[in-house]
Structure formats: structure tokens, C-alpha cells
*Asks:* 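Below is the structure I would like to discuss, written out as C-alpha cells.
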Amino acid sequence: MFCSYRKAEAYNVSFTMRAILKRRYAAPPSLSRRRFSWSALASRNEPESPSSSFLIEEFTRCCYQRELPTAMRAMDAMQRRGIWANSITYSELIKCCLAGGAVEQGKLVHKHILSNGYQPKTFLINVLISMYVRFGLLEEARKVFDLMPERDVVSWTTMIAAYSNAKLDNMAREFLILMLREGLRPNMFTYSSVLRACVELWIIRQLHCSIIKVGLESDVFVRSALIDIYARLGELQNALGVFNEMATGDLVVWNSIIGGFAQNSIGDEALNLFRKMKMAGFVANQSTLTSVLRACTGLVLLELGRQVHVHILKFDHDLIVNNALLDMYCKCGSLEDANTVFTRMKEKDVISWSTMITGLAQSGFSQDALELFKFMKVSGPRPNDITILGVLFACSHAGLVEDGWYYFRSMKQLFGIDPTREHYGCIIDLLGRAGKLDEAVNLIHEMKCEPDAVTWRALLGACRVHRNVDLAVYAAKQILKLDPADPGTYIMLSNIYANAQRWADVAEVRRSMKAIGVRKEPGCSWIEVSKQIHAFTMRDNSHPQMDAIIRHLSELIQRLKEEGYIPDTNFVLQD
DNA sequence: ATAGGGTTAG
């Protein structure tokens with residue numbers, strides 16, 4: 001059966017033979033089949049001495065039936081006799097190792113393949129590289145790659161994809177260049193992998209051009225990778241361009257474009273595309289629903305979110321969908337629903353906990369957020385930087401200066417997390433709210449990382465509340481150094497001057513705004529009433545029921561005043 | 001035969 005000799009004792013199984021074996025071993029082994037006792041063989045006395053062909057056949061059978069331990073014993077016996085199976089059998093054995101997460105066995109297979117001076121072909125080395133990549137052993141993969149005598153497109157693409165997935169973008173791009181220098185032409189696999197490692201628009205445009213040149217733009221993997229990367233950079237027109245060229249549809253391509261709009265806070269367009277997708281006959285999967293939920297979250301569409309929730313029941317076990325659902329309920333202010341989802345979730349990761357903690361804090365339930373964090377510390381996953389950020393946020397909003405300070409100072413020691421700008425921003429906000437402006441400034445000056453516009457904005461906000469004009473001007477200047485066209489800062493500064501009755505300074509701020517050409521984006525709010533969205537923009541009175549709305553609003557304000565409410569004119573821009 | 005795309009918290 002195994003008659004074709006390659007080297008001295010190396011056997012080869014032809015492709016047709018492989019098909020026959022696969023078919024035969026897919027069925028349960030027949031009872032009449034003689035089974036070999038591997039334990040007897042392992043005792044070295046070898047009372048039974050199986051023929052080489054029997055060894056190989058048995059080895060092959062175990063590989064195809066994913067019987068890893070027996071296959072390993074068979075391989076061991078083969079190695080002692082200097083027998084090699086062929087590349088295909090070895091690749092099946094490696095699949096066994098991958099399926100069982102058996103790293104050590106995988107390494108043994110590697111050793112066996114290289115033993116006795118046997119030189120595996122490029123195909124088998126590629127399999128070994130991808131095995132190490134899938135085990136997360138990038139350095140091992142690299143060693144094998146470096147030592148191989150000949151590299152083909154698959155070898156290069158495997159490494160490029162590995163680097164892309166590991167977020168080693170520079171390595172991925174460098175390998176593409178090296179591959180091109182070797183005279184190899186990238187294919188659709190290569191392009192779809194390397195695109196994920198590119199963040200600069202000019203590089204993506206170059207790649208896009210090459211893709212069109214070699215005629216690979218119709219490949220759905222390449223297409224969705226292009227759409228995704230354009231969308232990530234906010235280049236939604238380009239993303240749509242690639243999307244619209246699509247002749248046949250593909251669900252992932254739809255998911256890419258819907259996700260792209262959802263991530264760029266263009267929720268209404270994401271929802272429109274979702275509708276079109278359903279009209280085109282596609283059925284949403286977890287990925288689609290996650291993006292749709294994100295769109296609902298961005299638009300605060302609780303009712304639509306609830307409808308999506310019904311579809312999600314199909315994917316009840318999916319962690320990512322549930323996390324998105326949790327966030328939707330939190331951001332839409334329905335903490336009860338969020339809590340129900342959180343409690344029911346079978347699997348919770350650090351994102352679930354952070355979402356819930358931050359959600360509680362953002363809705364003003366700071367104490368609950370801190371309670372939940374205490375519970376997380378004893379029975380949840382290890383908190384990360386974002387969890388701590390939520391905790392600091394809770395402390396800041398509840399005015400718990402001591403607690404916040406404690407968590408901030410001990411986060412490195414307790415959780416091994418170095419404070420980032422965001423943590424500093426939160427604690428500066430905390431100190432600022434408590435009126436400890438000097439301490440806040442001192443903290444900014446002792447920051448290990450450079451303060452950014454957000455940091456100074458936290459201080460500026462505190463200055464506004466505590467009416468410290470000089471410090472506010474200082475903070476505003478720092479913001480405008482980093483972000484010269486920020487309308488919010490100009491408005492804030494102008495408000496602070498107006499509050500201090502410094503009208504000349506107010507005029508000066510407004511002059512420089514005009515000179516630089518800063519314009520405040522018109523304020524906009526919207527509300528969802530019985531599946532209809534009503535949007536209101538500054539100076540836009542086009543709503544059909546505007547008169548009635550204004551009338552009702554003035555009645556409400558009148559009643560508020562009667563109850564003793566004094567309007568906060570701190571934010572009024574003009575005299 | 002081996003390599004590739006979309007989804008979650010600040």
C-alpha cells in the first residue's frame with residue numbers, strides 16, 4: 001500500500017490515496033480491524049514488530065481521526081526506525097495538535113520532522129510556521145521562517161498576517177517590502193492581511209492602487225479589509241466607494257460598512273445600511289447586531305435597541321454582543337435593563353464589568369459603581385486601566401476625594417497599572433470639583449506623561465465652577481496651544497470672562513475666534529417619540545409643532561421658577 | 001494541502 005519510496009525509507013502517500021484514507025477513516029474503525037498495542041511497543045521489548053507500512057498506516061489513521069496521543073506514540077516508534085510520513089500526514093497531525101492546543105506535542109512533531117537530516121518541503125515548513133503563529137509563538141515562527149531555504153507567497157503571508165494580528169504593524173509592512181524585493185507577488189491573502197497593519201492614508205491608497213492593478217479588488221476579503229481600514233480612518237466616502245462597487249453581496253462586507261459608520265458616530269447612516277442589508281436578503285449575525293447596537297447607543301435609541309435585543313436572544317451566549325447590549329442600556333439610561341443583562345450574562349469579561357461600573361457612574365449611581373468594583377475585586381476578572389478610569393470617574397462624580405485619591409495612588413501597586421493621561425484627567429477633575437485647584441495644577445506639573453488638551457480642559461472646567469479667572473486663562477491658553485481651533489475652549493473662556501463682567505476680554509475672545517475662523521458647531525438635541533426621531537438644532541424652527549413646543553416649554557420653565565428654580569446663566573455668552 | 005476580512009468598555 002505504501003510502496004512509493006522517496007529516500008531510503010521515506011514513504012509517500014499520493015493525493016488520491018489521501019482521499020481514500022480520509023473517506024475510510026471518517027467512518028468508525030471496523031471491529032474486525034487488527035489494532036496494534038502501542039503500550040507493548042513503548043516497553044522497548046517490542047514483542048510485536050509491526051511492519052513499517054503498518055506503522056505508517058496506523059499513524060495516518062490516528063492523524064485523520066484526531067487521536068493525538070496514539071498518533072504521537074506511533075510517530076515516536078517511526079522516529080526510532082528513521083521513518084517519515086509524508087507532508088500531508090504531518091500536516092494532519094499538526095492539525096490534531098492545534099485542535100487540542102497541544103503546544104509541546106507540536107514541538108515534538110517539529111523535531112521529528114527535522115530528525116535524521118530529513119528536509120521538509122516548503123509546504124510542510126509553512127504548516128509549521130502557521131502552527132507556531134496559532135500557538136502565539138511568534139518568535140519560534142520567525143526562527144523557522146528565517147531558516148527555510150525557499151520562501152513562497154504563503155510563507156511571507158503567514159508572517160505578515162501574524163504580525164498584523166499581533167499589532168506589530170511595522171513588521172508586517174516591512175515584510176511586505178522584503179517580499180516584494182524578493183520578486184514575489186502578493187495575492188489576495190497578502191493584501192487582506194497587510195491592510196490591517198496600515199494606518200496612513202497614503203500607504204492605503206498605494207495598496208489600493210496595486211490591488212486594482214492586479215485585479216484583486218473583487219475579492220471579498222480584500223474588499224472588506226479596504227472598507228474597514230478606510231472607515232477606521234474616517235474616510236467614509238472612500239469606504240462607500242469600495243462598498244458600492246460590490247457586485248454580489250457578502251455579509252461581512254455589509255458588516256464592515258455598517259460597523260464603519262457606527263464607529264464613526266454616524267449611527268443613522270449605519271441603521272439605513274442595516275435596513276438595506278435586510279432588504280437585500282441578508283440575515284444579521286452577531287457582528288452585524290453588535291454594530292447596530294453601537295449605532296443605537298450613539299443615537300440613544302432605546303426603543304430600537306430593545307428591538308435589537310429581541311434578535312440577540314439567538315446569540316445569547318455571545319459575549320461581545322452582550323457587552324454591546326449592556327453598553328446600549330447604560331448609555332440610554334436604562335440601568336435596570338443593563339443590570340438584568342449583566343446579571344444574566346453567563347460569561348463576563350473585564351469589558352462587561354468596566355461597562356457596568358462606568359455606566360452606573362455616568363448615570364449618577366456612583367456608590368453602586370464602587371460597590372460593584374469591590375465585588376469585582378473578589379469575584380471578577382482582573383481590572384484594567386479602563387476599569388480604574390470608571391472607578392475614578394465614580395469617585396469624582398460622588399465627590400469622594402479620599403477614595404479617588406486612594407485608588408489613583410495605589411493603582412500601580414494594587415493592579416499593576418500605570419496612570420495614563422486619562423487617569424490624571426479624571427483625578428484633576430476630582431480635585432477641581434472639590435475646589436482644590438492648586439493641588440490639581442501641581443498634579444499636572446508632576447505628570448509623568450505630557451498633559452494633553454483633555455487634561456487642561458478638566459482644569460478649565462473646574463476653574464469655571466470655582467470662578468478662578470486667572471487660572472482659567474492659563475488653562476485655556478494651554479489648550480489652544482495643543483488644539484488651536486477648539487470652539488469649546490473659546491466659548492468657555494468667553495463665558496468665564498462674561499461671568500467676571502470683563503466685557504472687553506469677552507469681545508477680544510470673540511474677535512480672535514472670528515480671526516481664526518472658529519465656529520461653534522450648532523447645538524443639537526433629539527428625542528425619540530413613538531419610533532419617530534425629532535431633532536432640534538440651534539436657530540432651526542422648522543419642526544411642524546414648534547409653536548406648541550415653545551409654549552409648553554415656557555409653561556415648564558414658569559412652573560420651575562414657581563418651585564424656586566433659578567436659571568444658571570453661567571453659560572450665557574452675551575451680556 | 002499551508003496563509004486572509006467584519007463585532008464590545010474610556
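Note that the structure is a prediction, hence the values are computed from the model and not measured. Residue numbers start from 1 in every chain, and the chains themselves are labelled A, B, ... in the order their sequence lines are given, proteins ahead of strands.
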*Asks:* When we call it a touch if two heavy atoms are under 4.0 Å apart, what does A:V321 touch: a base, just sugar-phosphate, or nothing?
*Replies:* nothing
*Asks:* For B:dG10, does either OP1 or OP2 sit under 4.0 Å from a side-chain N or O belonging to A:K331?
*Replies:* yes
*Asks:* Checking A:E139 against A:R142 for the salt bridge (charged side-chain N to carboxylate O under 4.0 Å, His left out) test, could you report, in this order, the C-alpha distance in whole Å, the side-chain angles of both residues, the deciding distance, and whether it holds?
*Replies:* CA-CA 5 Å; A:E139 283 171 22; A:R142 176 66 190 268; over 6 Å; no
*Asks:* Using a cut-off of less than 4.0 Å, is there contact between a side-chain N or O of A:K121 and OP1 or OP2 of B:dA1?
*Replies:*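 No, because none of the side-chain N or O atoms of A:K121 sits under 4.0 Å from OP1 or OP2 of B:dA1.
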*Asks:* Below 4.0 angstrom from OP1 or OP2 of B:dG5, is there any side-chain N or O of A:R223?
*Replies:* no
*Asks:* Look at A:R294 and B:dT8 and indicate whether a side-chain polar atom (N or O) is within less than 4.0 Å of OP1 or OP2.
*Replies:*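 Yes, within the criterion.
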*Asks:* Strictly below 4.0 Å: does A:R134 bring a side-chain N or O up to OP1 or OP2 of B:dT2?
*Replies:* no
*Asks:* If you take atom types as modelled and just measure distance, does the side chain of A:S192 reach the base of B:dG4 with a donor-acceptor pair under 3.5 Å?
*Replies:*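 Checked by distance alone, the answer is yes.
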*Asks:* Determine whether any donor atom in the side chain of A:N384 lies under 3.5 Å from an acceptor atom in the base of B:dA9, or the reverse, and answer yes or no.
*Replies:* yes
*Asks:* Classify A:V194 by what it touches in the nucleic acid, base, sugar-phosphate, or nothing, heavy-atom distance under 4.0 Å.
*Replies:*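 The residue A:V194 makes no contact with any strand.
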*Asks:* Would you say the side chain of A:S224 and the base of B:dG5 hold a donor-acceptor pair, judged only by whether the two atoms sit under 3.5 Å apart?
*Replies:*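 Side chain to base: pair present.
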*Asks:* Checking all strands, does A:E422 fall into the base, sugar-phosphate, or nothing category for heavy-atom contacts under 4.0 angstrom?
*Replies:*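 The answer is nothing, as A:E422 stays clear of every strand by at least 4.0 Å.
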*Asks:* Heavy atoms under 4.0 Å, any strand shown: does A:N285 hit a base, just sugar-phosphate, or nothing?
*Replies:*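 Touches a base.
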*Asks:* For B:dA9, does OP1 or OP2 lie under 4.0 Å from any side-chain N or O of A:Q362?
*Replies:* no
*Asks:* Classify the nucleic acid contact of A:V253 as base, sugar-phosphate or nothing, counting any heavy atom under 4.0 Å across all strands shown.
*Replies:*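 Base, at least one base atom sits under 4.0 Å.
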*Asks:* Answer with base, sugar-phosphate or nothing: what part of the nucleic acid does A:N322 contact at a heavy-atom distance below 4.0 Å?
*Replies:*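 Answer is nothing: A:N322 stays at 4.0 Å or more from every strand.
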*Asks:* Any base atoms under 4.0 Å from A:T290, or only sugar-phosphate, or nothing? Heavy atoms, all strands.
*Replies:* base
*Asks:* Any idea which heavy atoms bring A:V199 and A:R173 closest together, and the distance?
*Replies:*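 Of all heavy-atom pairs spanning A:V199 and A:R173, the closest is N-NH1, 4.4 Å.
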*Asks:* Do the side chain of A:N187 and the base of B:dA3 come within less than 3.5 angstrom through a donor-acceptor pair of N or O atoms?
*Replies:* yes
*Asks:* Between the side chains of A:D337 and A:T340, does any donor sit under 3.5 Å from an acceptor?
*Replies:*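 Their side chains do not contain a donor-acceptor pair, so the 3.5 Å distance test is not met.
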*Asks:* Quiz question: going by heavy-atom distance under 3.5 Å, is there a donor-acceptor pair between the base of B:dG4 and the side chain of A:D219?
*Replies:* yes
*Asks:* When all nucleic acid strands are considered with a 4.0 Å heavy-atom cut-off, which category describes A:R151: base, sugar-phosphate, or nothing?
*Replies:* nothing
*Asks:* Classify the ring geometry of A:W156 against A:F145: parallel below 30°, tilted from 30° to 60°, perpendicular beyond 60°.
*Replies:*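 A:W156 vs A:F145 ring planes: perpendicular.
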*Asks:* Reckon A:V127 touches a base, only the sugar-phosphate, or nothing at all at heavy-atom distances under 4.0 Å?
*Replies:*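 Sugar-phosphate, backbone atoms only, no base.
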*Asks:* For A:R382, does the CZ atom sit with more than 12 other heavy atoms under 6.0 Å from it, leaving out its own atoms?
*Replies:* no
*Asks:* In whole Å, what is the span from the CD1 atom of A:I320 to the P atom of B:dT7?
*Replies:* 9 Å
